[in-house]
Enquirer: 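One structure is given below, represented as structure tokens, and several questions about it will come after.
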2 protein chains.
Amino acid sequence: MHGTPRPPATPAEALSAMDHLIAAHLIGQQELARRLGLTVTDLTCFAFVLEAGDDLLTAGDLAARAHVTTGAVTGILNRLERAGYVTRRPDPADRRRVRVAAVPAAVSRVEAVYAGHYKRLTALFADYSAEELAIITDWFTRATGLAHEYLEKLNRNDPDEEC
Amino acid sequence: MHGTPRPPATPAEALSAMDHLIAAHLIGQQELARRLGLTVTDLTCFAFVLEAGDDLLTAGDLAARAHVTTGAVTGILNRLERAGYVTRRPDPADRRRVRVAAVPAAVSRVEAVYAGHYKRLTALFADYSAEELAIITDWFTRATGLAHEYLEKLNRNDPDEEC
DNA sequence: GTAAATGTCTTAGCTACTAAGGGAACGTGG
DNA sequence: CCACGTTCCCTTAGTAGCTAAGACATTTAC
């Protein structure tokens, strides 16, 4: 279906389409987490750990990225560790810190559950040319940048509300 | 920046970019809800009410769309109603049902908080040609369809897990 | 007219979060 | 070396929102 002509769209249509995608993805995430016996927050943190790769995250890093308190992270790590997704490791340079390492077998466990959807998405992407993918990816990246800017501005101006 | 050539992208890059966008949006949603004195679930339900427009949703509809129990919906509607976002109305045809109507003033209240980000996104969209927007919108729509299919399949095969 | 089904609300209990503080480890300045 | 403040994670107490199960009113079917 490469290069199939599509009817042109308006910004409003694109925005609405994006909202629907995000809503669907949110529910999917919830289902996936439930199936793995985790919470959405746990799964998100596990994703952060995977994304960080070899330079292991600390518990505090996770708190910052997931926007939760360090107290919450303790619970999250307890669950993830007990379920065999991560292990806590001492930091050789700073004994206060706790570094979080992913358990290799757990990665494939998550991927196994997610494989169905992941394959479908990859197949969908294969339906587009590299140039079209470039447009889509570019937009994703810029929209993400905007979202981060927006969040920063919110947090800078008034961390607590006034409404 | 219409028609600016972009470096071609791979499916994996696109998928990763999508994940980041969704993660950012998720946190933004949380911030927005907090600022409005609501939970993310409340805000999501309010969005469903707005989307439904004039044919008012019932409490049960909301439970189905938000994937929560009807007991939870009672709490959600209590909060939304107390904060002045919606009103409960009797259904003339079926006195068991509760129909949910949005309070007009509340719509602009939410939009006021969201306006900053919304304007930036719209501006971003304006940077793309109608044809490029068509590609993006098309992809959103098809990815959403896939997500829904995946969810349906999950719920059909085994509503509860086996792991 | 009775029985089953439907739609919302209630109740009890659970889980994950925050806020506040504690104790160990770091790092700086005398 | 050694107090001092800081940083990091964990603990504790309290809260909020969810589920599950059932009550109650209403509708539908036979």
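To find a chain, count down the sequence lines: A is the first, B the second, and so on, and within it residues start at 1.
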Enquirer: Roughly how many Å is it from CZ in B:R34 to P in D:dA16, rounded to a whole number?
Expert: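 The distance from CZ of B:R34 to P of D:dA16 comes to 15 Å, rounded to the nearest Å.
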
Enquirer: Rounded to whole angstrom units, what separation is found between the CZ atom of A:R88 and the P atom of D:dC8?
Expert: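 It works out to 17 Å between those atoms.
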
Enquirer: Taking CD from A:Q30 and P from D:dG17, how many angstroms apart are they, rounded to a whole number?
Expert: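 So the CD-P distance, A:Q30 to D:dG17, works out to 15 Å.
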
Enquirer: Under 4.5 Å between side-chain heavy atoms, hopping through other hydrophobics if needed: is there a path connecting A:V68 to A:L77?
Expert: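 Yes; tracing contacts between hydrophobic side chains, which count when under 4.5 Å, links both residues.
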
Enquirer: Does anything in residues 55-62 of chain A come within less than 4.0 Å of DNA chain D? Heavy atoms only, and list the residues if so.
Expert: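 Those residues whose heavy atoms fall under 4.0 Å from DNA chain D, taken from residues 55-62 of chain A in numerical order, are A:T58, A:A59, A:G60.
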
Enquirer: Contact class for B:V73 vs. all strands (heavy atom < 4.0 Å): base, sugar-phosphate, or nothing?
Expert: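 Touches nothing.
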
Enquirer: Is there a path of hydrophobic side-chain contacts, each under 4.5 Å between heavy atoms of I, L, V, M, F, W or Y residues, that connects A:L21 with A:L124?
Expert: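 Yes: a chain of side-chain contacts under 4.5 Å links A:L21 to A:L124.
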
Enquirer: Hey, which of these two, A:G75 or B:G71, hits DNA chain C nearer its 5' end, going by closest nucleotide?
Expert: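 Of the two residues, B:G71 wins.
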
Enquirer: Shoot me the first and last contacting nucleotide of DNA chain C against chain A, ordered 5' to 3', at under 4.0 angstrom to non-hydrogen atoms.
Expert: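 From 5' to 3', the first and last contacting nucleotides are C:dA16 to C:dC26.
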
Enquirer: Surrounding CZ of A:R89 (heavy atoms of other residues, nucleotides or ligands, distance under 6.0 Å), is the total greater than 12?
Expert: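 No - once you tally the heavy atoms of other residues, nucleotides and ligands closer than 6.0 Å, there are 12 at most.
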
Enquirer: May I ask you to say what A:T39 touches in the nucleic acid, namely base, sugar-phosphate or nothing, with a heavy-atom cut-off under 4.0 Å?
Expert: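 Counting heavy atoms under 4.0 Å across all strands, the contact made by A:T39 is with sugar-phosphate only.
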
Enquirer: For D:dA16, take OP1 and OP2 only and decide whether either is under 4.0 Å from a side-chain N or O of B:R79.
Expert: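 Checking D:dA16 against B:R79, no side-chain N or O comes under 4.0 Å of OP1 or OP2.
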
Enquirer: Strictly by modelled atom types, are A:T58 and A:D61 linked by a side-chain donor-acceptor pair under 3.5 Å?
Expert: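 Result is yes, a qualifying pair exists.
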
Enquirer: Linking I/L/V/M/F/W/Y whenever their side-chain heavy atoms sit closer than 4.5 Å, directly or via other members, would A:L57 and A:V103 fall into one cluster?
Expert: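 No, A:L57 does not connect to A:V103 through the hydrophobic network.
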
Enquirer: Do the side-chain N and O atoms of B:Y85 and B:D42 include a donor-acceptor pair separated by under 3.5 angstrom?
Expert: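 No, because no side-chain N or O of B:Y85 sits under 3.5 Å from a partner of the opposite role on B:D42.
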
Enquirer: When the distance from CZ of A:R99 to P of D:dC10 is rounded to whole Å, what number comes out?
Expert: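 The distance from CZ of A:R99 to P of D:dC10 comes to 14 Å, rounded to the nearest Å.
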
Enquirer: Could you state the atom-to-atom distance from CZ of B:R82 to P of D:dG17 in whole Å?
Expert: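 Interatomic distance, CZ of B:R82 to P of D:dG17: 10 Å.
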
Enquirer: Closer than 4.0 angstrom, basic N to acidic O: yes or no for A:D138 and A:R142?
Expert: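 Result for this pair is yes, salt bridge flagged.
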
Enquirer: Please compare B:R96 and A:D42 by the position of their nearest nucleotide in DNA chain C and report the one closer to 5'.
Expert: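 This one resolves to B:R96.
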
Enquirer: Where does the angle between the aromatic ring planes of A:F125 and B:W139 fall among parallel (under 30°), tilted (30 to 60°) and perpendicular (over 60°)?
Expert: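 Taking B:W139 first and then A:F125, their aromatic rings lie parallel (interplane angle under 30°).
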
Enquirer: Map A:N78 and A:R97 onto DNA chain D by nearest heavy atom, then report which one ends up closer to the 5' terminus.
Expert: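 That would be A:R97.
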
Enquirer: Could you check A:E51 against B:H20 for side chain to side chain donor-acceptor pair (under 3.5 Å), going step by step and ending with a plain yes or no?
Expert: CA-CA 11 Å; A:E51 191 181 7; B:H20 283 111; 2.7 Å; yes

Enquirer: Please report, rounded to the nearest Å, how far the P atom of D:dC18 is from the CD1 atom of A:I27.
Expert: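 The distance from CD1 of A:I27 to P of D:dC18 comes to 14 Å, rounded to the nearest Å.
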
